[in-house]
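Side chains are part of it too, since the values below use all heavy atoms of this structure and drop only hydrogens, waters and symmetry mates. As the structure is a computational prediction, the values presented were derived from the model and not from experiment. Ligands are counted one by one from 1 in listed order, and the atoms in each one are counted from 1 as well.
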Amino acid sequence: MATTELEPTDRTRLRRYRDRGSYDVDIVHAILDEALIAHVSFVVDGQPWLIPMTYGRIDDCLYFHGASGNHALRALADGAPACVAVTLLDGIVVSRAAFHMSMNYRSVVLFGFGEAVEGDEKRTALEAVVDHVLPGSLGTIRPIDDGELRMASVVRFPIVEASAKIRTGPPIEEPDDYARSTWGGEIPLTLAVGEPVDDGRVADGVPIPAYATTYRRG
Ligand SMILES: Cc1cc2nc3c(=O)[nH]c(=O)nc-3n(C[C@H](O)[C@H](O)[C@H](O)COP(=O)(O)OP(=O)(O)OC[C@H]3O[C@@H](n4cnc5c(N)ncnc54)[C@H](O)[C@@H]3O)c2cc1C
């Protein structure tokens, strides 16, 4: 039976606002699947690095990809301990007090080690990255060829030691502040999707595909 709840560890156990935390695998996966960018941090020779990357997910693994010389991927493949953060911003929480300004969000933090992947898994992982960023495009766009596969590096990162944290709702005010003549509430934020713009070189008769016209996250 598939794991439904991740085991909290000393690193992933929330101490601040524990009630906002979750180790539910479906919640962790849903946040990872909706977000587009992961911030990947690792330490090499005492130097911390933090690199934004896109990714794909297959079951309980994230996959990061890049050029074969990619420094971050090489460090992960070489066994650098890593921490990954993925964030969805849902709103600005508008407090009546400067101290209580906040944000509504859904985020995931993962700890672990990466591992380089090759062969069939590498191709499947690259497709998972494409499918994550532009769902529905595989099957229409040209598949990755063997030369492109050789030029790419792919690292697998297990979703095992991970936590989600979710803040929703209004500001948490000092009781006396509700009487102030100051507005409080939330400004919701969403990712705005614009109209697709062609690159000026679209072959005659090629329509804008549904994966572009109906693009949305979540
Ligand atoms: C967009 C955004 C903006 C934020 N802005 C601020 C800010 O300005 N100031 C501030 O204090 N906090 C902010 N937070 C909350 C912040 O991420 C931490 O949760 C909070 O600072 C508590 O940190 P801590 O190290 O004391 O947490 P602890 O509870 O001690 O963290 C222990 C473990 O809990 C897990 N955890 C903690 N936070 C998160 C998280 N956000 N998502 C997933 N797992 C988590 C991790 O595994 C972590 O190792 C923000 C969060 C987001 C997503």
Side-chain angles (χ1 to χ4, degrees), residues 2-44 46-64 72 75-76 79-115 132-133 155-174 177 182-193 216-218:
T3 312
T4 56
E5 195 80 9
L6 299 169
E7 190 66 39
T9 67
D10 284 349
R11 297 195 290 195
T12 60
R13 191 168 290 107
L14 270 91
R15 285 166 281 267
R16 291 274 304 154
Y17 290 109
R18 269 184 224 177
D19 55 312
R20 294 179 184 171
S22 174
Y23 302 91
D24 183 304
V25 170
D26 290 341
I27 290 174
V28 169
H29 286 181
I31 294 169
L32 295 172
D33 291 350
E34 182 173 338
L36 281 167
I37 297 164
H39 288 87
V40 180
S41 80
F42 52 94
V43 176
V44 177
Q47 169 64 52
W49 299 82
L50 178 63
I51 305 293
M53 304 188 96
T54 190
Y55 57 90
R57 180 180 73 82
I58 302 174
D59 300 329
D60 54 1
C61 286
L62 288 184
Y63 289 88
F64 299 108
L76 295 188
C83 184
V84 174
V86 169
T87 308
L88 291 165
L89 195 50
D90 292 328
I92 306 291
V93 177
V94 182
S95 168
R96 295 161 182 81
F99 187 76
H100 290 299
M101 287 294 172
S102 190
M103 288 180 177
N104 281 335
Y105 58 80
R106 289 163 288 154
S107 56
V108 168
V109 170
L110 305 106
F111 296 91
F113 295 91
E115 210 175 328
H132 175 76
V133 176
V155 163
R156 181 200 315 117
F157 195 88
I159 307 167
V160 173
E161 191 177 356
S163 54
K165 191 170 176 181
I166 299 172
R167 190 205 187 282
T168 57
I172 300 167
E173 308 279 31
E174 301 302 325
D177 282 339
T182 309
W183 190 82
E186 184 192 0
I187 305 167
L189 296 176
T190 54
L191 187 71
V193 178
R216 61 189 291 274
R217 304 300 301 175

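Note that atom 21 (O) of ligand 1 has no protein non-hydrogen atoms nearby, at separations under 4.0 angstrom. For atom 26 (O) of ligand 1, the nearest protein heavy atom is under 4.0 Å away. By the definition of a contact as any protein heavy atom under 4.0 Å away, atom 47 (O) of ligand 1 is in contact. Under the 4.0 angstrom criterion, atom 6 (C) of ligand 1 counts as lacking any protein heavy-atom contact. For atom 10 (C) of ligand 1, no protein heavy-atom neighbour is found at a distance under 4.0 Å. At least one protein heavy atom sits closer than 4.0 Å to atom 30 (O) of ligand 1. Less than 4.0 angstrom separates atom 38 (N) of ligand 1 from at least one non-hydrogen atom of the protein. The protein reaches atom 53 (C) of ligand 1 closely, with a heavy atom under 4.0 angstrom from it.
Regarding atom 15 (C) of ligand 1, its nearest protein heavy-atom neighbour is Tyr105 OH, 3.7 Å. In terms of protein heavy-atom proximity, atom 49 (O) of ligand 1 is closest to Arg11 O, 2.5 Å. Closest to atom 19 (O) of ligand 1 among all protein heavy atoms lies Lys165 NZ, 2.7 Å. Of the protein's non-hydrogen atoms, the one nearest atom 28 (P) of ligand 1 is Arg15 N, 3.7 Å. Of the protein's heavy atoms, Ser107 OG, 2.9 Å lies nearest to atom 41 (N) of ligand 1. Counting only heavy atoms of the protein, atom 3 (C) of ligand 1 lies nearest to Met103 SD, 3.9 Å. For atom 35 (C) of ligand 1, the nearest non-hydrogen atom of the protein is Ser163 OG, 3.2 Å.
Put simply, the side chain of His132 gets close to the backbone of Ala35: a donor and an acceptor are under 3.5 Å apart.
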task: Could you walk me through whether Lys165 and Tyr105 pass side chain to side chain contact (heavy atoms under 4.5 Å, CB included), step by step?
output: CA-CA 8 Å; Lys165 191 170 176 181; Tyr105 58 80; 3.4 Å; yes
query: Between Glu115 and Arg156, does a salt bridge (charged side-chain N to carboxylate O under 4.0 Å, His left out) hold up when you go through it step by step?
result: CA-CA 5 Å; Glu115 210 175 328; Arg156 181 200 315 117; 3.3 Å; yes
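Within the listing of ligand 1, atoms 1 (C), 53 (C) sit less than 4.0 angstrom from a heavy atom of Thr87. In the vicinity of Phe111, heavy-atom distances shorter than 4.0 Å reach the ligand 1 atoms 47 (O), 49 (O).
For the residue pair Thr12 / Glu161, no side-chain donor-acceptor distance below 3.5 Å is found, with atom types taken as modelled.
Within the 4.5 Å cutoff, the side chain of Asp24 has no heavy atoms near those of the Leu6 side chain. Residues Phe64 and Phe157 are in side-chain contact: their nearest non-hydrogen atoms beyond the backbone lie under 4.5 Å apart.
Rounded to the nearest 0.5 Å, atoms CZ (Phe111) and OG (Ser163) are 7.0 Å apart.
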Solution key, residues 79-94 side-chain donor-acceptor pairs under 3.5 Å, sequence neighbours excluded:
residue: Asp90; atom: OD1; partner: Arg106; partner atom: NH2; Å: 2.8
residue: Asp90; atom: OD2; partner: Arg106; partner atom: NE; Å: 2.8

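Phe42 and Trp49 have parallel rings, their planes meeting at less than 30° on a 0 to 90° scale where 60° marks the start of perpendicular.
Take Asp33 and apply the salt bridge (Lys or Arg N to Asp or Glu O under 4.0 Å) test, not counting sequence neighbours, and it matches Arg57.
Within 6.0 Å of CD in Glu7 there are 12 or fewer heavy atoms belonging to other residues, nucleotides or ligands. The local environment of CD1 in Ile37 is sparse, with at most 12 non-hydrogen atoms from other residues, nucleotides or ligands closer than 6.0 Å.
Remark: ligand 1 and Arg16 share an N or O pair separated by less than 3.5 Å (distance only, no angle test).
At a heavy-atom distance under 4.0 Å, only backbone atoms of Arg13 (N, CA, C or O) approach ligand 1.
Using a 4.0 Å heavy-atom cutoff, Arg20 is absent from the residues neighbouring ligand 1.
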